[in-house]
Amino acid sequence: MVRYLNNQKAEIDIHNMQKEQARRAIEQFLTRANGSVKEVTVIHGCNSGTVLRDMVRKGLRHSRIQAKVVGLNDGITILVLR
């Protein structure tokens, strides 16, 4: 589920998705998102294991990703976009 918080920020919730399904959802969103979106909060959760978290933090690659910021909440990762 994708939710736009304002013109520059969005969030995508990948809870309960399989690893590859979540990867595709994020990559599709990043490809289609308006260029004004500069920050995406990925909600991957932390209580059901580390597969999604590790995929986002270590394995996810996309040309729009400039940086990944680990939040104080271990269940989210912030993607800073170009």
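Just so you know, residue 1 is the first one in the sequence shown, and it goes up from there.
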- Query: Do the side chain of R23 and the main chain of G59 share a donor and acceptor less than 3.5 angstrom apart?
  - Reply: yes
- Message: Can you confirm whether K38 is buried at NZ, in the sense that more than 12 heavy atoms of other residues, nucleotides or ligands lie under 6.0 Å from that atom?
- Response: yes
- Task: Taking only Lys NZ, Arg NE, NH1 and NH2, and the carboxylate oxygens of Asp or Glu, determine whether E27 and R24 approach each other closer than 4.0 Å.
- Result: no
- Please check if the side chain of R82 supplies one atom and the backbone of G35 the other of a donor-acceptor pair under 3.5 Å. no
- Item | Whether over 12 other heavy atoms sit under 6.0 Å from Q66 CD | yes
- Message: For a 4.5 angstrom cut-off between non-hydrogen side-chain atoms, does V70 reach R57?
- Response: yes
- Message: Within a 6.0 Å radius of atom CG on N6, are there more than 12 heavy atoms belonging to other residues, nucleotides or ligands?
- Response: yes
- Task: Mind checking the CZ-NE2 spacing from F29 to H62? Nearest 0.5 Å is all I need.
- Result: 10.5 Å
- Nearest heavy-atom pair of L60 and V56: which atoms, and what distance? CB-O, 3.5 Å
- Message: Quick check on N16: does its CG atom have over 12 non-hydrogen neighbours (other residues, nucleotides or ligands) under 6.0 Å away?
- Response: no
- Item | With sequence neighbours excluded, residues passing salt bridge (Lys or Arg N to Asp or Glu O under 4.0 Å) with R3 | E11
- Under the side-chain hydrogen bond (donor to acceptor under 3.5 Å, both in side chains) rule, collect the residues that match up with N34, sequence neighbours excluded. S36
- Query: Roughly how far, to the nearest 0.5 Å, is CG of L52 from NZ of K19?
  - Reply: 9.5 Å
- Item | Inter-residue atom distance N47.CG - D74.CG, 0.5 Å rounding | 9.0 Å
- Taking the side chain as C-beta and beyond, is there a heavy-atom pair between I12 and I26 under 4.5 Å? yes
- Query: If you round to the nearest 0.5 Å, how far is CG of N73 from SG of C46?
  - Reply: 6.0 Å
- So if you build clusters from Ile, Leu, Val, Met, Phe, Trp, Tyr with side-chain heavy-atom gaps below 4.5 Å, do M55 and L81 land together? yes
- Check L30, I78, L5, V2 against V40 for a side chain to side chain contact (heavy atoms under 4.5 Å, CB included) and give me the one that passes. L30
- For atom CZ of R32, is the number of surrounding heavy atoms from other residues, nucleotides or ligands below 6.0 Å larger than 12? no
- For residues T77 and H44, report the shortest heavy-atom separation together with the two atoms involved. OG1-NE2, 2.8 Å
- Flag, side chain of K68 to backbone of I65, donor-acceptor distance under 3.5 Å: no
- Task: Apply side chain to side chain contact (heavy atoms under 4.5 Å, CB included) to I43 and I14, showing your working.
- Result: CA-CA 6 Å; I43 304 167; I14 59 171; over 6 Å; no
